[in-house]
Peer 1: 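For reference, the structure I am asking about is given below.
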Amino acid sequence: MRVRMAPSPTGPLHLGTARTSLYNFLTARHTGGTYVLRIEDTDAARSTVEFERDIIDNLHWLGISWDEGPQVAGGDDVGSHAPYRQSGRMDRYAEEAHRLLESGRAYRCWCTHEELEAVRREQEAAKEPPRYNRRCLNPTDAERVAFEADDRSPVIRFQVEAEKIRFDDVIRGEVEFDNALLGDFVIVRNDGVPLYHFVVVVDDEAMEITHVIRGEDHLSNTPKHIALIRALGYREPRFGHIPLILNADRSKMSKRKSQTAMTAYREEGYLPEAMVNFMAFLGWSPGTEEEIFTLAELTDRFEIEKVHKGGAVFDRDRLDHLNGVYLRAMTDEQLALRLRPWVPDAVRDDDLRHIVPIVKERLVRLADITGLAAFLWEPDAVVSSWYGPELLHPKKGGPAEARAALEGARGMLGELDDADFSAEVIEQRARAAAEAIGAKAGDFFSPIRVAVTGRTISPPLFDSLELLGRERSLARLEIALEKLGEVPA
RNA sequence: GCCCCCAUCGUCUAGAGGCCUAGGACGCCACCCUUUCAAGGUGGAGAUCAGGGGUUCGAAUCCCCUUGGGGGCACCA
């Protein structure tokens with residue numbers, strides 16, 4: 001079995017493309033087949049190496065690898081069926097287009113956009129299906145001479161036969177189309193650039209692809225491909241059309257309505273393992289109630305035949321949950337490593353490792369580390385700018401209670417030396433201090449939390465104090481006290 | 001408009017004729033734990049399996065129709 005993924009470097013890696021890649025990858029690995037990556041860069045105007053890099057890098061990031069094709073952006077082709085970039089196969093397309101012309105299955109067309117548009121409008125008015133009227137199918141010699149003299153360069157159209165096309169889709173079963181409804185479509189532009197429906201067929205044959213697994217949006221295009229394959233005398237691969245990933249309104253997932261770029265998820269701190277697990281279940285399930293799967297486990301269990309037919313709505317809440325599951329399953333050391341890019345260099349690895357335990361079960365995405373722990377590395381002035389004096393007031397109380405708590409904390413922490421500055425000791429003393437002034441624990445801790453972390457929501461208070469250290473904790477209490485004084489009590 | 005595909009809780013799904021008075025997960029709501037927030041635990045609401053006809057002793061599961069949704073009909077991929 002030889003399967004392929006054929007992204008077009010005209011944009012960053014799309015979630016839908018990523019999932020199709022995943023399904024192809026899983027299919028190849030599960031069956032021991034070969035996975036090919038092909039870059040569809042015929043549209044030179046829109047294709048860039050940057051997008052190629054984004055696609056390849058993010059695919060690698062997910063853990064998806066391929067046996068043939070460029071392994072790095074702009075890199076050399078690897079594999080026995082090179083080239084793997086369409087831009088390197090232009091001669092072949094020209095040859096095949098010529099063959100079609102010679103055999104009479106394709107013809108040149110000189111119609112202008114305006115003429116085409118006029119015909120389409122007429123057809124619409126007459127309630128006929130809009131398709132090419134074959135005006136250029138058999139030009140008279142005089143017409144041909146006139147066209148060529150006119151200096152207009154023609155496109156090449158494929159002559160579609162009026163026949164029923166039926167195929168056995170790997171996941172949908174028997175599907176039948178009537179090609180009589182299709183118009184003769186363009187396979188080569190008038191500037192000589194071959195078009196998608198044509199090159200995809202030529203490439204799949206050249207690369208000996210046996211199973212074309214792609215998005216459902218290509219289902220309706222398949223009869224065109226099969227007609228081309230037959231006209232060219234190629235072997236017909238099996239086709240499998242996987243359901244689309246949907247926006248919340250159930251339309252095809254699009255940039256306008258959803259975040260579609262894989263990079264964006266990566267930058268927010270979603271883990272590749274979570275993305276993979278999540279995407280795998282958008283249209284597939286092992287048939288059991290298990291739902292946490294590593295790439296290796298998916299490779300073991302995934303069967304393309306079990307993929308659903310219906311589209312699946314992208315659900316961010318579910319992704320968040322899965323990401324949290326993977327985050328919490330990591331050891332502190334592993335998590336510290338993953339968190340590294342989101343934490344300033346000034347924070348030493350050793351310190352970071354100490355931070356992990358207090359944020360681990362609170363993180364949804366790696367980027368959340370900032371909101372949770374930035375108070376540890378930001379200067380006192382910055383932290384104090386995060387809150388106003390009212391935030392220091394405990395739920396049940398005002399400035400007086402806040403002041404009492406802050407002063408109590410100052411006195412209590414002041415008595416501790418650095419050696420005693422541990423979460424356990426601090427907690428013990430804090431509870432005693434609260435009791436001493438007759439405050440409820442929560443009301444006593446609240447002002448301290450805001451003073452030290454700058455927020456009402458934070459990691460556990462005593463661990464936070466320990467990590468911040470005696471000096472800085474005391475300094476922040478001092479600042480809070482000053483801030484309290486700014487407003488008359 | 002034409003063609004094709006699809007249809008189980010809000011969402012992802014289990015279910016391939018009797019095990020289903022439809023199970024799990026996310027989300028939601030309670031309660032427990034608790035210094036905040038999380039995490040965790042317990043419980044709950046939530047789907048007459050889109051609707052209607054068949055087939056069958058028996059249908060979420062098979063067939064047909066309707067409805068709804070989606071995709072495709074480019075000198076984009």
Side-chain angles (χ1 to χ4, degrees), chain A residues 6-11 17 40-43 45-47 109 111-113 116 120 123-124 127-131 153-157 169 172 175-183 185-197 199-200 215-224 241 243-244 246 248-252 278 281-292 308-322 324 328 359-364 368 372 395 427 430-431 434 440-446 448-450 453 455-462 464:
Chain A
S8 165
T10 52
T17 310
E40 306 223 328
D41 59 352
T42 50
D43 188 344
R46 295 194 300 143
S47 298
C109 169
C111 293
T112 62
H113 289 284
L116 259 16
R120 183 174 316 153
Q123 288 169 332
E124 266 169 38
K127 293 196 171 155
E128 286 167 23
R131 63 185 121 146
S153 44
V155 300
I156 299 177
R157 282 184 188 275
D169 192 280
R172 272 152 224 280
V175 183
E176 187 183 87
F177 287 87
D178 185 359
N179 271 9
L181 270 12
L182 247 45
F185 56 92
V186 176
I187 57 175
V188 179
R189 296 203 311 214
N190 70 171
D191 62 359
V193 175
L195 260 15
Y196 174 74
H197 297 305
V199 294
V200 74
E216 192 192 338
D217 45 351
H218 284 298
L219 188 57
S220 305
N221 292 327
T222 306
K224 288 181 189 170
H241 292 91
L244 300 177
L246 278 21
D249 64 3
R250 303 203 77 86
S251 57
K252 178 164 82 167
F278 176 73
F281 275 69
L282 248 30
W284 173 86
S285 100
T288 64
E289 284 176 358
E290 305 157 272
E291 43 199 17
I292 303 300
H308 303 164
K309 297 172 184 168
V313 173
F314 175 87
D315 180 9
R316 173 80 77 131
D317 282 337
R318 204 177 166 73
L319 208 211
D320 283 344
H321 170 257
L322 268 178
R328 276 171 255 127
V359 297
K360 193 175 185 176
E361 59 196 26
R362 273 159 261 267
L363 289 173
V364 171
D368 296 337
L372 250 22
K395 215 173 294 172
E427 174 164 11
R431 288 186 187 284
K440 278 190 65 179
D443 292 334
F444 184 70
F445 300 158
S446 171
I448 305 173
R449 180 189 310 285
V450 173
T453 69
R455 306 180 195 281
T456 54
I457 293 172
S458 81
L461 180 58
F462 309 113
S464 298

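Remember, predicted model here, so these are calculated numbers, not experimental data. Every chain is numbered from 1 and lettered A, B, ... according to where its sequence line falls, protein lines coming before strand lines.
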Peer 1: Show the distances under 3.5 angstrom between N or O atoms of the protein and N or O atoms of nucleotides 41-47 of chain B.
Peer 2:
none

Peer 1: Heavy-atom distance under 4.5 Å between the side chains of Pro459(A) and Lys360(A), does that happen here?
Peer 2: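 No, side chains not in contact.
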Peer 1: List the steps, then state whether side chain to side chain contact (heavy atoms under 4.5 Å, CB included) holds for Asn221(A) with His197(A).
Peer 2: CA-CA 8 Å; Asn221(A) 292 327; His197(A) 297 305; 3.4 Å; yes
Peer 1: Given G71(B), A77(B), C5(B), identify the nucleotide with an atom nearest to the side chain of Ser220(A).
Peer 2: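 So the nucleotide nearest the side chain must be G71(B).
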Peer 1: Touch check for Val155(A), heavy atoms < 4.0 angstrom, all strands: base, sugar-phosphate only, or nothing?
Peer 2: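 Counting heavy atoms under 4.0 Å across all strands, the contact made by Val155(A) includes a base.
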Peer 1: For Phe177(A) and C73(B), give me the distance from atom CZ to atom C1', rounded to whole Å.
Peer 2: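 It is 11 Å, rounded to the nearest whole Å.
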Peer 1: Using atom P of each nucleotide, how far apart are C2(B) and U61(B) to the nearest Å?
Peer 2: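 About 29 Å, rounded to a whole number of Å.
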Peer 1: Hey, does Glu290(A) reach any base, or is it just sugar-phosphate, or nothing, if we go heavy atoms under 4.0 Å?
Peer 2: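 No contact at all - Glu290(A) keeps every heavy atom at 4.0 Å or more from the nucleic acid.
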Peer 1: Distance between the C1' atoms of G69(B) and C29(B), in whole angstroms?
Peer 2: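 After rounding to an integer number of Å, I get 30 Å for this pair.
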Peer 1: Using the C1' atoms only, state how far U11(B) lies from U67(B), rounded to an integer number of Å.
Peer 2: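 So the two C1' atoms sit 23 Å from each other.
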Peer 1: Work out how far the P atom of A22(B) is from that of A60(B), and round it to whole angstrom.
Peer 2: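 It works out to 11 Å between them.
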Peer 1: Show me the side-chain donor-acceptor pairs of residues 176-183 of chain A shorter than 3.5 Å, one per line, residues at least two apart or across chains.
Peer 2:
{"unit_1": "Glu176(A)", "atom_1": "OE2", "unit_2": "Arg166(A)", "atom_2": "NE", "d": "3.3"}
{"unit_1": "Glu176(A)", "atom_1": "OE2", "unit_2": "Arg166(A)", "atom_2": "NH2", "d": "2.8"}
{"unit_1": "Asp178(A)", "atom_1": "OD1", "unit_2": "Ala180(A)", "atom_2": "N", "d": "3.0"}

Peer 1: Taking side chain to side chain contact (heavy atoms under 4.5 Å, CB included) as the test, write out the residues that go with Glu40(A), two or more places apart.
Peer 2: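 Side chain to side chain contact (heavy atoms under 4.5 Å, CB included) check on Glu40(A) returns Ala6(A), Ser8(A), Arg38(A), Gln86(A), Tyr196(A), Val200(A).
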Peer 1: Could you work out the separation of U34(B) and A50(B) based on their C1' atoms and round it to a whole Å?
Peer 2: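 That atom pair is separated by 45 Å.
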Peer 1: Say you pick atom P in A14(B) and the same atom in C62(B); how far apart are they, in whole Å?
Peer 2: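 Approximately 14 Å lies between the P atom of A14(B) and that of C62(B).
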Peer 1: Between C75(B) atom C1' and His197(A) atom NE2, what is the distance in whole Å?
Peer 2: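 Between C1' of C75(B) and NE2 of His197(A): 12 Å.
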Peer 1: Nearest to the Leu116(A) side chain among C6(B), G27(B), C75(B), which nucleotide is it?
Peer 2: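 Nearest to the side chain of Leu116(A) among the choices is C75(B).
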Peer 1: In the strands shown, is A22(B) matched to any nucleotide by a Watson-Crick or G-U wobble pair with both distances under 3.5 Å, and which?
Peer 2: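 In the structure as shown, A22(B) has no Watson-Crick or wobble partner.
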Peer 1: Sugar-phosphate atoms are those with a prime plus P, OP1 and OP2; base atoms are the rest. Using that split, label each nucleotide of nucleotides 10-22 of chain B B, S or - for protein heavy atoms under 4.0 Å, 5' to 3'.
Peer 2: -BBSSS-------
Peer 1: Looking at Arg172(A) and Glu216(A), does any basic side-chain N land under 4.0 Å from a carboxylate oxygen?
Peer 2: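 Salt bridge flag = yes for Glu216(A) with Arg172(A).
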Peer 1: Who passes salt bridge (Lys or Arg N to Asp or Glu O under 4.0 Å) against Arg318(A), sequence neighbours left out?
Peer 2: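 Salt bridge (Lys or Arg N to Asp or Glu O under 4.0 Å) list for Arg318(A), sorted by chain: Glu291(A).
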Peer 1: I'd like the P distance from C3(B) over to C28(B), given in whole Å.
Peer 2: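 Here C28(B) and C3(B) have their P atoms 44 Å from each other.
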Peer 1: Could you check which of G1(B), A77(B), C75(B) has an atom nearest any side-chain atom of Arg157(A)?
Peer 2: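 The listed nucleotide nearest to Arg157(A)'s side chain is C75(B).
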Peer 1: For His113(A) and C75(B), do the ring centres fall under 5.5 Å apart while the planes stay under 30° apart?
Peer 2: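 Yes, His113(A) stacks on the base of C75(B).
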Peer 1: Are Leu219(A) and Asp169(A) side-chain neighbours, meaning at least one heavy-atom pair lies under 4.5 Å?
Peer 2: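 Yes, their side chains come closer than 4.5 Å.
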Peer 1: In the strands shown, is G1(B) matched to any nucleotide by a Watson-Crick or G-U wobble pair with both distances under 3.5 Å, and which?
Peer 2: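 Partner of G1(B): C73(B).
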Peer 1: So do Ile187(A) and Val199(A) actually touch side chain to side chain, heavy atoms under 4.5 Å?
Peer 2: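 Counting from C-beta outward, Val199(A) and Ile187(A) never come under 4.5 Å.
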Peer 1: Base, sugar-phosphate or nothing for Arg131(A)? Non-hydrogen atoms, less than 4.0 Å.
Peer 2: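 The residue Arg131(A) makes no contact with any strand.
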Peer 1: Base, sugar-phosphate or nothing for Asp217(A)? Non-hydrogen atoms, less than 4.0 Å.
Peer 2: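 Result for Asp217(A) = sugar-phosphate.
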Peer 1: Of the nucleotides C76(B), A77(B), A39(B), which one has an atom closest to the side chain of Arg328(A)?
Peer 2: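 My answer, after comparing the listed nucleotides, is A39(B).
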Peer 1: Is it the case that the base of G70(B) and the side chain of Ser251(A) share a donor-acceptor contact (distance under 3.5 Å, atom types as modelled)?
Peer 2: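 Donor-acceptor pair under 3.5 Å: no.
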Peer 1: Any base atoms under 4.0 Å from Leu244(A), or only sugar-phosphate, or nothing? Heavy atoms, all strands.
Peer 2: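 Sugar-phosphate, backbone atoms only, no base.
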Peer 1: How long is the gap from OG on Ser220(A) to NE2 on His241(A), to the nearest 0.5 Å?
Peer 2: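 If we round to the nearest 0.5 Å, Ser220(A):OG and His241(A):NE2 are 8.5 Å apart.
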Peer 1: How would you label the contact of Thr222(A) with the nucleic acid (heavy atoms, under 4.0 Å): base, sugar-phosphate, or nothing?
Peer 2: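 No contact.
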Peer 1: Any side-chain heavy atom of Trp284(A) within less than 4.5 Å of one from Pro243(A)?
Peer 2: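 Heavy-atom side-chain distance check fails, nothing below 4.5 Å.
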Peer 1: For nucleotides G71(B) and C65(B), find the distance between their P atoms and express it as a whole number of Å.
Peer 2: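 So the two P atoms sit 24 Å from each other.
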Peer 1: In the strands shown, is A50(B) matched to any nucleotide by a Watson-Crick or G-U wobble pair with both distances under 3.5 Å, and which?
Peer 2: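 By the stated definition (distances under 3.5 Å), U66(B) pairs with A50(B).
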Peer 1: Which part of the nucleic acid, if any, lies within contact of Asp43(A), taking any heavy atom under 4.0 Å across all strands shown: a base, the sugar-phosphate backbone alone, or nothing?
Peer 2: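 Here Asp43(A) touches the backbone only, sparing every base.
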Peer 1: What does the B/S/- profile of nucleotides 31-37 of chain B look like, 5' to 3', with a 4.0 Å heavy-atom cutoff to protein?
Peer 2: ----BBB
Peer 1: If pairing requires Watson-Crick or G-U wobble contacts with both distances under 3.5 Å, which nucleotide is the partner of A45(B)?
Peer 2: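 Here A45(B) is not engaged in any pair, so there is no nucleotide opposite it.
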